[in-house]
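Some notes on the structure that comes next.
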Amino acid sequence: MTDVVDSDELLRRMHRARAVAKEQVRLWRARHEELRATDEEAAREAATRTVAYEAVLRTLDEIIAPGRRPSSPPR
């Protein structure tokens, strides 16, 4: 990967990545709720993926807008 990008393009890419992470949080959270009563193992996997995407989202938020999002205690 040798593409050279300017700061505006890098910021656009981070915003796109943040939008994807936000959508994935929504999807995996819904999947967790859907599976919670019927498939405990799959629900646990969905919950794990939700937490992972939340971490990505928090990281991108801090990079894009440092200090704007209140920190939440670890789960």
Side-chain angles (χ1 to χ4, degrees):
M1 182 173 208
T2 59
D3 293 347
V4 176
V5 295
D6 63 11
S7 60
D8 288 337
E9 177 61 20
L10 185 57
L11 189 58
R12 277 191 293 277
R13 290 179 184 190
M14 285 190 279
H15 278 286
R16 280 194 307 267
R18 185 189 179 285
V20 169
K22 192 172 183 178
E23 179 63 14
Q24 289 297 313
V25 166
R26 188 189 68 73
L27 290 172
W28 285 108
R29 210 177 261 155
R31 182 144 172 82
H32 168 73
E33 290 301 318
E34 180 181 298
L35 293 170
R36 197 164 55 172
T38 59
D39 189 344
E40 188 177 312
E41 188 175 331
R44 191 176 312 117
E45 172 69 18
T48 300
R49 289 177 184 262
T50 300
V51 171
Y53 278 108
E54 286 172 342
V56 169
L57 189 56
R58 282 192 307 272
T59 301
L60 288 168
D61 282 346
E62 187 60 29
I63 291 168
I64 293 169
R68 288 195 188 159
R69 185 174 185 180
S71 61
S72 59
R75 291 181 176 196

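Source: prediction; values computed, not measured. Positions are given from 1, in the same order as the sequence printed here.
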request  = Kindly indicate, with the supporting measurements, whether the criterion salt bridge (Lys or Arg N to Asp or Glu O under 4.0 Å) is fulfilled by Arg58 and Glu62.
outcome  = CA-CA 6 Å; Arg58 282 192 307 272; Glu62 187 60 29; over 6 Å; no
note = Nearest heavy-atom approach of Leu57 to Arg18 is CD1-CG, 3.5 Å
Pairwise side-chain contact, Arg12 with His15, heavy-atom cut-off 4.5 Å (strictly under) = no
query = Should the pair Glu41-Arg44 be classified as a salt bridge under the 4.0 Å nitrogen-to-oxygen rule?
reply = no
message = Closer than 3.5 angstrom, by distance alone: can the side chain of Gln24 be matched with the main-chain N or O of Thr50 as a donor-acceptor pair?
response = no
request  = Please check if Val56 and Ile64 belong to a single hydrophobic cluster, counting links between Ile, Leu, Val, Met, Phe, Trp and Tyr side chain heavy atoms closer than 4.5 Å.
outcome  = yes
key: From CD (Glu45) to CG (Leu35), nearest 0.5 Å   = 10.5 Å
Closest non-hydrogen atom pair, Ala47 against His32 = CB-ND1, 3.7 Å
ask   = Minimum heavy-atom separation for Glu54 to Val25, with atom names?
value = N-CG2, 3.6 Å
request  = Answer yes if Leu60 and Val20 sit in the same cluster of Ile, Leu, Val, Met, Phe, Trp and Tyr residues linked by side chain heavy atoms under 4.5 Å apart, and no otherwise.
outcome  = no
query = If you measure from the Lys or Arg side-chain nitrogens to the Asp or Glu carboxylate oxygens, is any gap between Glu9 and Arg13 under 4.0 Å?
reply = yes
Short N-O contact, Arg29 and Glu33, less than 4.0 angstrom = no
Basic-acidic side-chain contact under 4.0 Å: Glu23, Arg16 = no
